[in-house]
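So the structure is just underneath, and the comments pick up after that.
All residue numbers refer to positions in the sequence shown, counting from 1.
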Amino acid sequence: MKRVVIVGGGYAGTMLARAIDGAAEVRLIEPRDRFVHNVAAIRAVVGPALLDRLIIPYDRLLRRGSVIQGLAVEIGEGRVRLADGTSIEGDIVVAATGSTYALPFKPWTAFGESFAESSRAAHEALRAAKTVAIVGGGAVGVELAGEIASAHQDKSVTLLAASPSLLPGYSARLSAALATQLAAQGVSLRLGVRVEGLADAGRPFSGAVTAAGDVIESDLTFPALGARPLAPPIPDATFAASGRIEVDPWLRPGGLRNVFAFGDAADTGDAMTIVAVTRQAPWLAKTLRAVMADRPVENLAPYAPWSGPPILIPLGPRAGASLLPFARGGVTVGPRVTAALKGRDLFIPRYRKEFGYGAAAR
């Protein structure tokens with residue numbers, strides 16, 4: 001049985017590991033002690049009771065393979081070297097190192113409890129705040145504005161974005177639908193406004209100053225400026241301007257033959273979203289099965305990114321809008337469909353089940 005070493009236990013790495021568990025001897029390397037279902041981390045800011053359900057152990061993820069807690073410091077053909085000097089050998093190596101985000105939306109340390117503490121701290125700061133500012137008009141900023149507005153109607157919420165519309169890169173209909181619902185929730189939108197001094201903002205703070213010199217009076221400000229890829233430690237690799245590692249049509253970096261990279265860390269042609277991973281992981285699992293059967297990679301179909309990527313944006317449990325991959329350009333749907341697809345449970349039961357745990361906390 002071929003040995004496959006996967007570096008990274010986020011959405012990409014765990015999805016691939018589960019898909020090929022049993023077809024290969026899988027070893028998943030991840031520095032964190034528990035998986036953080038960060039899709040639900042936004043709502044946890046207003047409802048910290050969710051934390052016990054969105055932070056999940058790795059011990060039941062794989063039936064045949066194993067999860068190794070460790071930090072990879074070098075990835076190459078046939079092996080991965082860890083920070084403690086251990087060398088993990090494999091016939092195929094996959095880099096799925098993911099991305100990072102400002103607290104409390106993604107973990108910064110290896111410990112799940114540390115992430116939970118940062119989320120609880122943000123919740124307490126939110127409870128005490130009367131005025132809240134959110135900087136960033138992407139998915140996280142928009143969702144957070146909707147979550148706070150739906151749970152705390154007594155608070156003044158302002159969403160600022162440098163772009164002239166919400167969710168730049170997606171359809172104008174989706175942007176307009178979200179803007180209309182946020183306004184109905186009482187959120188003040190300030191679009192086309194750039195906020196200064198946020199390059200290294202990694203956690204909530206108070207106040208803000210725009211590029212024009214206007215002072216934003218807020219008791220609490222959340223930076224939501226997008227994810228940053230975590231570069232795989234592959235010597236001599238090249239990186240795109242986005243910071244994602246460059247790959248060939250079969251998602252191999254740096255001319256390597258049996259090393260692959262995907263997810264947020266790789267310049268696949270997709271955006272850095274979980275929706276993208278749900279397309280990439282099945283393709284890569286199928287490709288790896290063929291490679292393990294000694295078929296040349298170059299004879300296989302290359303990866304094709306989403307031509308019209310879908311996205312689901314709940315604004316609390318009952319509101320929101322989504323873009324679904326039907327027809328050319330996608331179809332925009334409203335609160336009812338968005339709530340049914342994502343908003344009600346944020347995929348928590350699904351991921352707990354995939355990790356071998358029930359819907360309730362244990």
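Summarising the geometry of Glu74 relative to Pro235, their closest heavy-atom pair is OE2-CG, 3.8 Å, with the distance given to 0.1 Å. Between Ile55 and Ala116 the shortest heavy-atom distance is CD1-CB, 3.8 Å. When all heavy atoms of Arg53 and Arg352 are compared, the pair lying nearest together is O-NH1, 3.0 Å. Taking both residues in full, the closest heavy atoms of Leu54 and Ala44 are given as CD2-CB, 3.9 Å, listed atom of the first, atom of the second, then distance. In terms of heavy-atom proximity, Ala227 sits nearest to Met272 at O-CE, 3.3 Å. Residue Leu346 comes nearest to His37 through the heavy atom pair O-NE2, 2.7 Å, listed as atom of the first residue, atom of the second, then distance.
Under the 4.5 Å side-chain contact rule for hydrophobic residues, Val39 and Leu230 do not share a cluster. There is no path of hydrophobic side-chain contacts, each under 4.5 Å, that joins Leu324 to Trp306. One hydrophobic cluster holds both Ile92 and Leu62 under the rule that ILVMFWY side chains link at heavy-atom gaps under 4.5 Å. Taking hydrophobic clusters as Ile, Leu, Val, Met, Phe, Trp and Tyr residues chained together by side-chain heavy-atom distances below 4.5 Å, Leu300 shares a cluster with Val247.
Annotation for Arg173: atom CZ does not count as buried by contact number, only 12 or fewer foreign heavy atoms lying within 6.0 Å. Shown here is Arg3, whose CZ atom has more than 12 heavy atoms of other residues, nucleotides or ligands within 6.0 Å. Within 6.0 Å of CG on Asn299 lie more than 12 heavy atoms contributed by other residues, nucleotides or ligands.
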For a side chain to side chain contact (heavy atoms under 4.5 Å, CB included) check, start with the C-alpha distance between Val93 and Asn258, then their side-chain angles and the critical distance, and finish with the verdict. CA-CA 6 Å; Val93 178; Asn258 288 309; over 6 Å; no
Apply side chain to side chain contact (heavy atoms under 4.5 Å, CB included) to Trp108 and Phe115, showing your working. CA-CA 7 Å; Trp108 279 20; Phe115 171 77; over 6 Å; no
Salt bridge (charged side-chain N to carboxylate O under 4.0 Å, His left out) evaluation trace for Lys130 with Glu217: CA-CA 11 Å; Lys130 293 182 179 179; Glu217 299 289 351; over 6 Å; no
Begin from the C-alpha positions of Arg120 and Glu113 and carry the test salt bridge (charged side-chain N to carboxylate O under 4.0 Å, His left out) through to its verdict. CA-CA 10 Å; Arg120 293 188 191 104; Glu113 185 53 37; 3.0 Å; yes
Evaluate side-chain hydrogen bond (donor to acceptor under 3.5 Å, both in side chains) for Glu196 paired with Thr210, printing each intermediate quantity in order. CA-CA 5 Å; Glu196 293 292 310; Thr210 70; over 6 Å; no
For Leu167 and Ile313: C-alpha separation, side-chain torsions, deciding distance, then whether side chain to side chain contact (heavy atoms under 4.5 Å, CB included) applies. CA-CA 10 Å; Leu167 266 66; Ile313 306 292; 3.8 Å; yes
How far apart are the C-alpha atoms of Ile245 and Asp267, what are their side-chain angles, what is the distance that settles it, and do they pass the side chain to side chain contact (heavy atoms under 4.5 Å, CB included) test? CA-CA 6 Å; Ile245 194 168; Asp267 189 27; over 6 Å; no
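The closest donor-acceptor contact from the side chain of Thr273 to the backbone of Ala276 lies under 3.5 Å. For Arg244 (side chain) and Ala266 (main-chain N/O), a donor-acceptor pair under 3.5 Å exists by modelled atom type. Of the possible polar contacts, none joining the Gln181 side chain to the Ala319 backbone as a donor-acceptor pair under 3.5 Å is found. Under a 3.5 Å cut-off, the side chain of His123 and the backbone N or O of Val45 do form a donor-acceptor pair. Side-chain N or O atoms of Asp248 include one that pairs as donor or acceptor with a backbone N or O of Leu251 at under 3.5 Å. The backbone N or O of Lys2 lies less than 3.5 Å from no partner atom in the side chain of Asp91, so there is not a single donor-acceptor pair. With hydrogens and angles disregarded, a donor-acceptor distance shorter than 3.5 Å links the side chain of Gln69 to the backbone of Pro31. Although no hydrogens or angles enter the test, the distance criterion places a donor-acceptor pair under 3.5 Å between the side chain of Arg279 and the main chain of Ala304.
Note: Tyr351 and Tyr357 fail the aromatic proximity criterion, with ring centroids not under 6.0 Å apart.
For the atom pair Thr131 OG1 and Leu220 CG, the distance stands at 8.5 Å (nearest 0.5 Å). In this structure, CD1 in Ile88 is found 13.5 Å from CD1 in Ile6, a value given to the nearest 0.5 Å. The distance from the CG atom of Asp84 to the CG atom of Leu71 is 9.5 Å, given to the nearest 0.5 Å. Taken from CD1 in Ile75 to CD1 in Ile29, the straight-line distance is 8.0 Å, to the nearest 0.5 Å. In this structure, CZ on Arg18 lies 8.0 Å from CZ on Phe355, to the nearest 0.5 angstrom. If you take CZ on Arg318 and CG on Leu315, they are separated by 13.5 Å, rounding to the nearest 0.5 Å.
Shown are Ile148, Leu103, Leu159; of these, the side chain to side chain contact (heavy atoms under 4.5 Å, CB included) with Phe222 is made only by Ile148. When the options Val195, Leu191, Ile134, Leu189 are evaluated for a side chain to side chain contact (heavy atoms under 4.5 Å, CB included) with Leu160, the one that passes is Val195.
Under the 4.5 Å side-chain criterion, counting only non-hydrogen atoms from C-beta, Phe105 is in contact with Leu144. With a 4.5 Å cut-off on side-chain heavy atoms, Arg27 and Val4 do not count as touching. Considering only heavy atoms from C-beta on, Pro310 stays 4.5 Å or farther from Leu323 through its side chain. Annotation: side chain of Leu82 is not in contact with side chain of Val73 (no heavy-atom distance under 4.5 Å). Counting only heavy atoms from C-beta outward, the side chains of Phe111 and Arg32 never approach each other to under 4.5 Å. For the pair Val80 and Pro233, the minimum side-chain heavy-atom distance is 4.5 Å or more. The shortest side-chain heavy-atom distance between Arg190 and Thr158 falls under the 4.5 Å cut-off. Between Thr221 and Val132 the shortest side-chain heavy-atom distance does not fall below 4.5 Å.
With respect to the salt-bridge test (charged N to carboxylate O, under 4.0 angstrom), the residues Arg127 and Glu124 qualify. A salt bridge links Glu143 to Lys342: at least one charged side-chain nitrogen sits closer than 4.0 Å to a carboxylate oxygen. Looking at Glu354 and Arg60, no side-chain N of the basic residue comes within less than 4.0 Å of a carboxylate O on the acidic one, giving no salt bridge.
Under the 3.5 Å distance criterion, with hydrogens and angles disregarded, a donor-acceptor pair is assigned to the side chains of Asp270 and Tyr303. Between the side chains of Ser322 and Thr338, a donor-acceptor pair is found at a separation under 3.5 Å. No side-chain donor-acceptor contact under 3.5 Å links Tyr101 and Asp264. Side-chain atoms of Gln185 and Ser150 form no donor-acceptor pair, as typed in the model, at a separation below 3.5 Å. Side-chain N/O atoms of Ser99 and Lys106 include a donor and acceptor closer than 3.5 Å.
Taking the ring centre of Trp250 as origin, the terminal cationic atom of Arg257 falls outside the region bounded by 6.0 Å and 45° from the ring axis.
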